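First the structure, then my questions, so here it is.
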Amino acid sequence: MRKVIDKIIEVLCTLIMGYMVLAVCWQVITRFILKNPSTLTEEILRYLLVWTTMVGGAYAYGRHKHLSINILTKKLPFVGQKILDIAVQAVVIAFSIIVMIVGDLRLVETTSNQISAALHLPMPFVYASILVGGILIIFYALIFIAEDLKAIAEHRADAPVAEQK
């Protein structure tokens with residue numbers, strides 16, 4: 001399941017970034033050469049950047065490419081490292097639920113009657129990126145917890161009987 005989600009995100013972000021490059025080129029041409037800037041591309045780019053940030057951020061988190069401070073973790077024994085990682089993942093899940101999902105649902109409800117200026121796009125579609133990003137982060141955090149629990153179980157199974165007592 002993880003590989004499928006990763007591939008979907010990779011393709012989606014690649015397509016969005018490719019479209020954004022083309023849209024920026026068009027924006028430059030209309031602004032500086034034609035002297036009539038396109039209002040549509042500016043708004044499209046803004047909203048696509050928000051989507052790319054939220055989905056791409058979740059993807060980076062899922063690939064362990066996010067910023068982390070692990071000076072304390074490195075000083076702990078293996079099982080302690082895994083337990084601390086599980087605690088961190090639990091905090092990430094709580095943050096994602098409280099701030100990203102619940103907060104975004106309130107934001108979507110508040111903006112349910114608003115539309116964007118140039119595209120006439122319902123604003124909940126734009127803000128839904130936060131919800132999608134939060135769900136993806138929770139998905140990856142649950143995978144990390146499962147991997148840590150499996151690693152702890154395997155470590156204990158591999159430990160000599162004398163160490164287990």
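Because the structure is predicted, anything quoted here is derived from the model rather than measured.
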Exercise. Report the C-alpha separation of Q89 and D85 in whole Å, then their side-chain angles, then the decisive distance to 0.1 Å, and conclude whether the side-chain contact (heavy atoms from CB on, under 4.5 Å) test is met.
Key: CA-CA 6 Å; Q89 300 307 326; D85 190 48; 3.3 Å; yes
Quiz item: Is there side-chain contact between K7 and K3, with heavy atoms separated by less than 4.5 Å?
Solution: no
Quiz item: What are the two closest non-hydrogen atoms of G134 and M100, and how far apart are they?
Solution: N-CE, 3.4 Å
Exercise. List the atom of A58, the atom of G133, and the distance in Å for their closest heavy-atom pair.
Key: CB-O, 3.8 Å
Quiz item: Hey, does I115 have a side-chain heavy atom less than 4.5 Å from the side chain of L121?
Solution: no
Self-check item: F78 atom CZ, neighbour heavy-atom count above 12 within 6.0 Å
Solution: yes
Quiz item: Which pair of non-hydrogen atoms, one from A141 and one from Y61, has the smallest distance, and what is that distance?
Solution: CB-OH, 3.9 Å
Quiz item: If you measure from the Lys or Arg side-chain nitrogens to the Asp or Glu carboxylate oxygens, is any gap between R2 and E147 under 4.0 Å?
Solution: yes
Quiz item: Do I83 and I152 have side chains that get closer than 4.5 Å, going by heavy atoms?
Solution: yes
Practice problem: Report yes if some heavy atom in the side chain of Y19 is under 4.5 Å from a heavy atom in the side chain of I44; otherwise report no. | Solution: yes
Quiz item: Of all heavy-atom pairs between V50 and S129, which one has the smallest distance, and what is that distance?
Solution: CG1-OG, 3.3 Å
Show me, pair by pair, the donor-acceptor contacts under 3.5 angstrom made by side chains of residues 102-110, not counting sequence neighbours?
from: D104; atom 1: OD2; to: L131; atom 2: N; distance (Å): 3.3
from: T110; atom 1: OG1; to: R106; atom 2: O; distance (Å): 2.8

Quiz prompt | Non-hydrogen atoms of M20 and T52 that approach each other most closely | solution = SD-OG1, 4.0 Å
Practice problem: Count the heavy atoms belonging to other residues, nucleotides or ligands that lie under 6.0 Å from CZ of F144, then report whether that count exceeds 12. | Solution: yes
Self-check item: Those residues that, when tested against Y127, pass side chain to side chain donor-acceptor pair (under 3.5 Å) (two or more places apart)
Solution: none
Practice problem: Report yes if the side chains of I145 and I93 come closer than 4.5 Å at any heavy-atom pair, otherwise no. | Solution: yes
Quiz item: Which residue pairs satisfy the ring pair (Phe, Tyr, Trp, His ring centres under 6.0 Å) criterion with at least one member in residues 25-56, sequence neighbours excluded?
Solution: none
Quiz item: Is the backbone of T73 close enough, under 3.5 Å, to the side chain of Q81 for a donor and an acceptor to pair up by distance?
Solution: yes
Practice problem: Might you point out which heavy atoms bring K75 and I71 nearest each other, and give the distance in Å? | Solution: CG-O, 3.6 Å
Quiz item: Charged N to carboxylate O under 4.0 angstrom, R31 versus E42?
Solution: yes
